[in-house]
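Written below as structure tokens is the structure these notes are about.
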Amino acid sequence: MSVTDFDSRIGVFGSALGFLFFSLLAGLLVASLAVPSIIVVSRGANFTVGYFDSLPDYLTLDQQSQRNTIYANRDGQPVPIASIYDQNREVVGWDAISQYIKDATVAGEDRRFYQHGGVDLKSVVRAAVGNIVHKGITSGSSTIAMQLVKNTLIQRALQIEDPRIKKIAYQAAIDDTLNRKIREMKLAIGLEKRYSKKEILLGYLNIAGFGGTTYGVEAAAQKYFSVSAKDVTLPQAASLIAMVQQPNLRNLSSPTLYAANKVRRDFILGDMRDLGYITTTQFREAVATPIQPKLQGPSNGCLYASDAKFACDYAQRLVPTLDALGPTEAVRKVAWARGAYKIYLSIDLNQQDVAQQALNASAPATETRFALGASAVSVQPGTGRILVMAENKEFDNSGAGSGSTATAVNYNTDRNFGGSSGFATGSTYKIFTLTEWFQQGHTLSEVVDGTVRPFPMQSFKASCARFSGKPYSPKNDSPGEGGPWTIAAATNASVNVAFITMAQKLDLCRIRAAAMAMGVHRADGRPLDVYPSATIGTNEIAPLSMAGAIATIGANGTYCAPTIVDKVVGPDGKEASGQPRQCSKAMEPNIASTVAYALSGVMKVGTGRAGNPEDGVPIVGKTGTTNYADQNWLIGTTTKVALAVWVGNTDGGQRNLRHITLAGTNGYNTKFNIFRTTMRSLDTNPEYRGGAFPGPDPALVR
């Protein structure tokens, strides 16, 4: 018979006889877990004690839900930056808990804990008499073992995925009924047979609730007194145990609850004195001690991360994809909720700090004339590891927000990972036309016409689309850019019409394919556009995607999908890989080296020169500016590190950054200042300092 069937049968005991039976049954259970043929009549229903044989008597002490911790790297060592949990709990061992806490628990919750076998007969009889008098269950007589059973069943219920079944199981675990008590008694007796008193008391102290989402005595000591459980004072220990019976009414989160806590605390201190755990002098001193919590601030979530909050949020959103947490998304979510995982990020906090300072200085979040956004994201060529993920706003996902200086939107990432719908990339997208140009055997020395003119839509080849309508009439960024241009010179000067002319000689769908091979996709999840205008950057893309794309050139044609989770350590202490390394050949090495050669001119004498750190490390890159200069980019790479910097308007407005001063300079130059400072710092780290690029394919140069 199931526990549910039993519950329906035992429900007949609502009268005084039922409560008397409760006390008698306790004695029988202690003497023997099966007493056949005893009949009790209540409200006209027969009940056989033999039915108790079908109740489960076996319960294991489960692994409890704990905090998850996210780490990043500082000075080459992992450091914790955030705790994320459903339940704020840190499971600790016996020696990590003060003897005051252990004694206070026994004194306050189960005076005969060390004498009984899971059920305290004296307490049961006393409670039964009181229940008969009040015609209801007003006293529970629960031992520590019984409370451990109850809490374990509650925790198991909370881990059930199906909402309906979860509700039923949770209600069964908390219902103040006779059937629940009897079930707890039998399970408690079984628990005492399998575990030592030390194990039971430790299990209880690690599972008990202390108000809100705080569970376990270690987390409670940290939250309410800012110390570890092994370091609490006598009155602090008693205050903690005073909470467990009514955690939401006696915790110390508010001065309005102090009085209720003190009443219970002092009662526990008296019991500790009576049992000989403390002296009368200790008792008097403790009772005279006022309630003086030292509360820790909120700590749950990336909002309270010590650093790299947007990177933390991005990593948290990736949790359902991590194989280390289980075979399916549903299993991973349950595992994460149970907690005790350690996730190690690839973020280099030293470099993160430099990028953040550069963003704060050049693109201040306090800008009020328009919605200024800016970001910097860096990845390693050949691995895809994300080293930096910063933006000019504070992270705030609280719902209340912090005004215009904060946001929950990660400007660096795609929308489905907490990002925006992306930003038009401007001329940075030209690297994909350049790539396809070389893949089709064209050279850097070829000459194209940069003269502004209309292009009939039918003049463009697109194997995956058809175009019609009015001619496309692109414009150059500056006057005087018409006439013939070599591809090398057109790349350095980023001449729009010259690149449209190049695209006219190619298949627009193959240009898109070149971009996709380098990991490029729209941030809003839609397919990349292939219209002629896409050639000069109308697709809205996340900076992380563009960083991964330019890193492909740094890796000589190998694209590696950006990753931020290096490894995961599970609750069992075993280490597992984080995000899988996903690398593929995006182009042949001779194509990549020739693209790099062409883009080196951009950083030496072209539009990107102002962003060149000029620190002796070879660098290649490409600028990007939309028609109204409301979105501005610089992406670049060495052989060891790639960086994408974006500065723009986040509310859809067309505020031209060339016509506004930011931090003492023209807004158009902001991207250069952020890029130069961040890249120079990356280059100073020997691990990230790049070398010479492979030489270009001579056949593609001449």
Side-chain angles (χ1 to χ4, degrees), residues 63-93 96 206 210 212-231 294-320 322 324-325 332 335-356 378 385-391 394-398 410 418 563-579 687:
Q63 171 194 313
Q64 297 306 316
S65 176
Q66 297 189 67
R67 304 167 185 159
N68 299 298
T69 307
I70 294 183
Y71 294 78
N73 303 297
R74 186 175 293 283
D75 301 323
Q77 298 297 321
V79 295
I81 62 169
S83 294
I84 299 173
Y85 49 82
D86 279 11
Q87 294 183 353
N88 180 21
R89 178 190 283 110
E90 182 178 342
V91 173
V92 293
N206 275 320
F210 290 84
T213 59
T214 302
Y215 292 83
V217 71
E218 175 65 17
Q222 292 176 17
K223 176 175 180 177
Y224 296 116
F225 298 111
S226 296
V227 297
S228 294
K230 63 182 176 61
D231 298 322
K294 186 179 179 181
L295 299 177
Q296 277 189 348
S299 62
N300 185 16
C302 295
L303 177 62
Y304 303 105
S306 60
D307 209 334
K309 295 182 180 182
F310 286 99
C312 171
D313 182 68
Y314 178 57
Q316 184 181 0
R317 292 172 184 273
L318 288 168
V319 163
L322 299 177
L325 275 71
R332 293 166 196 149
W336 182 250
R338 190 176 298 119
Y341 283 91
K342 297 178 180 179
I343 290 186
Y344 293 83
L345 307 187
S346 55
I347 294 293
D348 185 324
L349 293 175
N350 299 86
Q351 303 301 328
Q352 175 83 11
D353 291 346
V354 172
Q356 190 63 61
S378 174
R385 295 178 70 243
I386 301 170
L387 303 176
V388 169
M389 180 177 282
E391 69 182 70
E394 282 288 328
F395 176 77
D396 191 339
N397 64 348
S398 64
N410 188 338
T563 60
I564 198 169
V565 179
D566 276 346
K567 68 177 181 180
V568 177
V569 176
D572 57 2
K574 293 182 179 178
E575 185 175 310
S577 58
Q579 291 174 272
E687 184 181 354

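Index from 1, following the sequence.
Residues satisfying the salt bridge (Lys or Arg N to Asp or Glu O under 4.0 Å) criterion with R332, sequence neighbours excluded, are D323. Partners of Q352 under the side-chain hydrogen bond (donor to acceptor under 3.5 Å, both in side chains) rule, at least two apart in sequence or in another chain, do not exist in this structure. Residues passing the salt bridge (Lys or Arg N to Asp or Glu O under 4.0 Å) test with D353 are R74, sequence neighbours excluded. The ring pair (Phe, Tyr, Trp, His ring centres under 6.0 Å) test applied to Y314 returns F417, not counting sequence neighbours. The ring pair (Phe, Tyr, Trp, His ring centres under 6.0 Å) test applied to Y341 returns no partner, not counting sequence neighbours. In this structure, the side-chain hydrogen bond (donor to acceptor under 3.5 Å, both in side chains) partners of Q356, at least two apart in sequence or on a different chain, are N360. A search for side-chain hydrogen bond (donor to acceptor under 3.5 Å, both in side chains) contacts involving D313 returns R317, not counting sequence neighbours. Applying the side-chain hydrogen bond (donor to acceptor under 3.5 Å, both in side chains) criterion to R67, with sequence neighbours excluded, gives N88, E90, Q222. Considering only residues two or more places apart in sequence or on other chains, Y85 meets the ring pair (Phe, Tyr, Trp, His ring centres under 6.0 Å) condition with none of them. Legend: residues meeting salt bridge (Lys or Arg N to Asp or Glu O under 4.0 Å) with D348, ordered by chain and number and at least two apart, are absent. Residues passing the ring pair (Phe, Tyr, Trp, His ring centres under 6.0 Å) test with F225, sequence neighbours excluded: none.
Side chain of S378 to main chain of V388: no donor-acceptor pair is present (N/O by atom type, distance under 3.5 Å, no hydrogens or angles). The backbone N or O of L303 sits less than 3.5 Å from a side-chain atom of K309, completing a donor-acceptor pair. D75 contributes no side-chain N or O that, together with a main-chain N or O of Q77, makes up a donor-acceptor pair within less than 3.5 Å. At distances below 3.5 Å, at least one donor-acceptor pair connects side-chain atoms of N206 with backbone N or O atoms of V92. Judged by distance alone, with hydrogens and angles left aside, the side-chain atoms of S299 form no donor-acceptor pair with the main-chain N or O of Y304 at under 3.5 Å.
The SG atom of C302 sits 5.5 Å away from the CZ atom of F395 when rounded to the nearest 0.5 Å. With rounding to the nearest 0.5 angstrom, the CE atom of M389 is 9.5 Å from the CG atom of L345. L387 CG to I347 CD1: the interatomic distance, rounded to the nearest 0.5 Å, is 7.0 Å. Interatomic distance, Y71 OH to I343 CD1, rounded to the nearest 0.5 Å: 11.0 Å. Once rounded to the nearest 0.5 Å, the distance linking SG of C312 with CG of N410 reads 11.0 Å. Atom CH2 of W336 and atom CG of N68 lie 4.0 Å apart (nearest 0.5 Å).
Residue-environment remark: CD (Q63) exceeds the threshold of 12 foreign heavy atoms within 6.0 Å.
Listed by first then second residue, pairs satisfying salt bridge (Lys or Arg N to Asp or Glu O under 4.0 Å) with a partner in residues 565-574 read R385-D566, K567-E575, not counting sequence neighbours.
When side chains are defined from C-beta on, L295 counts as touching Y224, because their heavy atoms get closer than 4.5 Å.
A side-chain contact (heavy atoms from CB on, under 4.5 Å) with S346 is found for exactly one of V565, I564, T563, namely I564.
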